[in-house]
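As structure tokens, the structure follows; a few thoughts come after it.
Keep in mind the model is a prediction, meaning the values are calculated, not measured.
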Amino acid sequence: MSNEPTKMWSGRFREPLNHQFEQWQRSFPFDWRLLPQEVAASKAHARAIAASGILTEDELASMLAGLDRVLAETALSPALAVEVPNAEDIHHFTELVLTRHIGDLALKLHTGRSRNEQIATDMRLFVRDSIDATVGGLREWALALVALAAQSGEAVMASYTHLQRAEPVLIAHWLLAYVSMIERDISRLEDARKRMNLCPLGSGAIAGATLALDRTIAAQALGFDAPTPNSMDATSDRDFMLDFTQAVSTLGLHISRFAEEITLHATAEFGFIDLPEAFSTGSSAMPQKKNPDLTELIRGKSARLVGAATTLAVLVKGLPLAYNKDLQEGQEPVFDAADTIAGMLSVLPNFTRALKFRLDRMRTAATTGYLNAMAAATYLSNRGVPFRKAHEIIGNAVRLGLETERELDAIPLEELQKLSAAFADDFYAAITVEATLDCHDVIGGTARHRVREALDAAKVRLTSSN
Ligand code: ARG
């Protein structure tokens with residue numbers, strides 16, 4: 001081991017590196033997790049240089065087998081860093097271990113390539129996998145919401161604007177609002193995936209490989225659509241990391257809104273949700289408590305996602321072309337965002353499936369407090385009263401109800417007719433909770449048959465597109 005070169009670039013240097021600096025600038029403590037991507041990219045590069053005549057068929061075969069061995073023997077072993085103390089980063093590590101396995105042949109692997117294109121490639125592969133995992137998790141969560149919505153049938157709840165009760169909606173309609181957010185998140189991630197799926201290998205350090213490489217060989221081997229079109233951009237582009245963290249931070253904002261609503265609905269004051277015990281915790285001090293730790297933690301985790309996107313944006317801002325070492329700092333936020341969202345999506349579907357609504361309390365909230373006032377005004381406007389006027393008449397009826405502690409449907413027709421001659425017997429049928437729902441009979445509205453259709457359509461979209 002003492003014969004191993006300590007650096008990949010020591011030739012022009014006479015003085016040793018300052019020890020603290022040496023340790024501090026290493027990325028191996030965190031980029032070790034790119035080993036699968038590094039090995040895949042190295043195998044693809046080996047094929048490309050073999051096609052250019054740098055490796056014989058036999059050499060290529062031992063190179064590929066050696067790289068597989070590096071992965072198999074060291075994958076995810078926490079002892080890695082200890083065993084190979086000289087490794088500066090994952091690229092250096094892979095070369096050192098490969099040299100142990102196949103000798104000096106390993107040193108041919110770096111022909112026509114640079115770590116600048118390697119890290120750009122490894123990170124693209126990592127982000128691509130993370131996008132796929134996130135989209136998979138999102139589909140599962142969306143389907144859990146759809147199942148809960150289907151299960152809630154025609155049960156109603158109050159909707160809120162300004163956190164004041166607004167109009168009755170189907171519980172299913174409320175849950176589908178989150179499905180809409182998730183579908184936008186999925187489309188943002190899929191869009192990012194399409195845009196990033198180009199291969200930087202062959203870009204060299206900045207100006208392109210110094211070898212007449214057929215860049216399509218490596219691109220194809222790694223499942224990329226094509227090679228990147230510009231070497232200066234490809235070695236310093238981190239847009240795909242920005243796209244990923246920004247998409248995931250928007251997703252985190254959506255999840256935090258869900259978490260906040262569940263937290264609120266689980267309070268004694270709302271009393272709409274009974275928190276599943278399997279996902280709640282008690283208090284060490286107050287024996288009566290059941291705390292919504294899952295939703296609170298999720299609300300907190302979303303802050304880390306925004307943090308990752310912000311770190312990357314600030315990192316890239318004002319950075320001159322092309323590769324700069326600053327870019328090494330972009331890896332950890334991406335890893336953290338990927339881990340954080342994976343964790344959140346590992347608990348959300350089961351938590352969602354376990355939610356129990358207190359349908360009686362939700363219905364009471366939806367059927368008291370004049371939430372049918374807009375439907376009542378609509379009744380008058382359907383009878384020819386201009387809406388502005390109808391609004392005022394119903395406002396007067398609500399005031400009368402408030403003063404005498406009666407809901408609109410408890411005010412007799414004679415009293416209503418004193419406010420407007422347009423009131424008739426059929427008024428009461430027009431302000432039942434069902435009628436109040438069904439008067440919102442537009443695409444995207446909470447009319448019962450519209451929600452049924454929306455639910456079916458969501459199910460189809462979420463299970464068919466893949
Ligand atoms: N560890 C480095 C990074 O993550 C790899 C690229 C190093 N390139 C260089 N020219 N020093 O950015």
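Counting non-hydrogen atoms of neighbouring residues, nucleotides and ligands closer than 6.0 angstrom, the CZ atom of Arg257 reaches no more than 12 such neighbours. Annotation for Asp360: atom CG counts as buried by contact number, over 12 foreign heavy atoms lying within 6.0 Å. In the displayed structure, Arg406 atom CZ is contacted under 6.0 Å by more than 12 heavy atoms of other residues, nucleotides or ligands. The environment of Gln417 atom CD is dense: over 12 non-hydrogen atoms of other residues, nucleotides or ligands sit within 6.0 angstrom. Enclosure of atom NE2 in His391 is not indicated, since only 12 or fewer non-hydrogen atoms of other residues, nucleotides or ligands lie within 6.0 angstrom. When the shell of 6.0 Å around NZ of Lys290 is examined, it contains more than 12 heavy atoms from other residues, nucleotides or ligands.
With a 4.5 Å cut-off on side-chain heavy atoms, Ile431 and Tyr379 do not count as touching. Side-chain contact between Leu125 and Phe224: present, with at least one pair of heavy atoms (C-beta onward) separated by less than 4.5 Å. Taking 4.5 Å as the limit, some side-chain heavy atom of Val398 sits within range of a side-chain heavy atom of Leu408. At a threshold of 4.5 Å between non-hydrogen side-chain atoms, the residues Thr94 and Leu67 count as touching. By the 4.5 Å heavy-atom criterion applied to side chains, Leu327 and Ile119 are not counted as neighbours. Considering only heavy atoms from C-beta on, Thr263 stays 4.5 Å or farther from Phe270 through its side chain.
When each of Glu154, Gln151, Met362 is paired with Ile171, the side-chain contact (heavy atoms from CB on, under 4.5 Å) condition holds for Met362 and for no other. Pro276 pairs with exactly one of Leu294, Thr352, Leu355 by the side-chain contact (heavy atoms from CB on, under 4.5 Å) rule, that one being Leu355. Ile341 pairs in a side-chain contact (heavy atoms from CB on, under 4.5 Å) with only one of the listed residues (Thr245, Asp336, Leu251), which is Leu251. Evaluated for a salt bridge (charged side-chain N to carboxylate O under 4.0 Å, His left out) with Asp89, the options Lys325, Arg26, Arg33, Arg115 yield exactly one hit, Arg115. A salt bridge (charged side-chain N to carboxylate O under 4.0 Å, His left out) with Glu183 is found for exactly one of Arg139, Arg461, Arg188, namely Arg461.
The aromatic rings of Phe272 and Tyr160 are tilted relative to each other, their planes meeting at an angle between 30° and 60°. Taking the six-membered ring where the residue is Trp, Trp174 and Phe357 present perpendicular rings, their angle passing 60° and hence far from 30°.
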Practice problem: Go through Asp456 and Arg452 one step at a time and tell me if the salt bridge (Lys or Arg N to Asp or Glu O under 4.0 Å) criterion holds. | Solution: CA-CA 6 Å; Asp456 289 343; Arg452 250 190 326 270; over 6 Å; no
Quiz item: Do Trp141 and Phe258 pass the ring-ring contact (aromatic ring centres under 6.0 Å, His included) test, and can you show the C-alpha distance, the side-chain angles, and the key distance before you say yes or no?
Solution: CA-CA 12 Å; Trp141 184 37; Phe258 177 75; 5.3 Å; yes
Practice problem: Please report the C-alpha distance between Arg399 and Glu403 in whole Å, then the side-chain angles of each, then the deciding distance to 0.1 Å, and finally whether the salt bridge (Lys or Arg N to Asp or Glu O under 4.0 Å) criterion is met. | Solution: CA-CA 6 Å; Arg399 167 162 297 280; Glu403 282 163 359; 3.6 Å; yes
Quiz prompt | Residue pair Leu305, Ile255: steps toward the side chain to side chain contact (heavy atoms under 4.5 Å, CB included) verdict | solution = CA-CA 11 Å; Leu305 299 175; Ile255 298 178; 6.0 Å; no
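Panel note: side chain Thr446, backbone Leu170; a donor-acceptor pair is recorded below 3.5 Å. For the pair Asp233 (side chain) and Pro229 (backbone), a donor-acceptor distance under 3.5 Å is absent. Not a single donor-acceptor pair under 3.5 Å links the side chain of Arg238 to the backbone N or O of Gln331. Looking at Thr432, its side chain never comes within 3.5 Å of a backbone N or O of Tyr428 through a donor-acceptor pair. Looking at Glu407, its side chain does come within 3.5 Å of a backbone N or O of Tyr370 through a donor-acceptor pair. A donor-acceptor pair under 3.5 Å is formed between the side chain of Thr250 and the backbone N or O of Gln246. Distance alone, capped at 3.5 Å, places no donor-acceptor pair between the Arg165 side chain and the Ala158 backbone. A donor-acceptor distance shorter than 3.5 angstrom exists from the side chain of Asp31 to the backbone of Ile90, with no hydrogens or angles considered.
Taken to the nearest 0.5 Å, the OG atom of Ser256 stands 9.0 Å off from the NE2 atom of His254. For the atom pair OG1 of Thr295 and CG of Asp293, the computed distance is 8.0 Å after rounding to the nearest 0.5 Å. Between Arg69 atom CZ and Leu71 atom CG the span is 13.0 Å, to the nearest 0.5 Å. To the nearest 0.5 Å, the span separating CD1 on Ile217 from CG on Leu201 amounts to 11.5 Å.
For the pair Arg361 and Glu269, the salt-bridge criterion is not met [side-chain N within less than 4.0 Å of a carboxylate O]. A salt bridge is defined here as a Lys NZ or Arg NE, NH1 or NH2 lying under 4.0 Å from an Asp or Glu carboxylate O, and Asp132 with Arg128 fails to meet this definition. Salt-bridge annotation for Arg124 and Asp237: present, with a side-chain N of the basic residue lying under 4.0 Å from a carboxylate O of the acidic one. Between Glu140 and Arg353 there is a salt bridge, since a side-chain N of the basic residue sits under 4.0 Å from a carboxylate O of the acidic one.
Under 3.5 Å, the side chains of His45 and Glu117 contain no donor-acceptor pair of N or O atoms. Side-chain contact, His449 with Asp438: no donor N or O sits under 3.5 Å from an acceptor N or O.
The two residues Leu253 and Ser302 have their closest heavy-atom pair at N-CB, 4.5 Å. Nearest approach of Gly204 to Thr235, heavy atoms of both residues: O-CG2, 3.4 Å. Closest approach of Gln328 to Ser27, counting heavy atoms only: CD-CB, 3.3 Å. Nearest approach of Ala205 to Asn116, heavy atoms of both residues: O-ND2, 3.1 Å. When all heavy atoms of Phe387 and Ala377 are compared, the closest pair comes out as CE1-CB, 3.7 Å. A pairwise comparison of heavy atoms in Cys199 and Leu222 identifies SG-CD1, 4.2 Å as the closest pair.
Remark: His162 engages no residue in a side chain to side chain donor-acceptor pair (under 3.5 Å) (not counting sequence neighbours).
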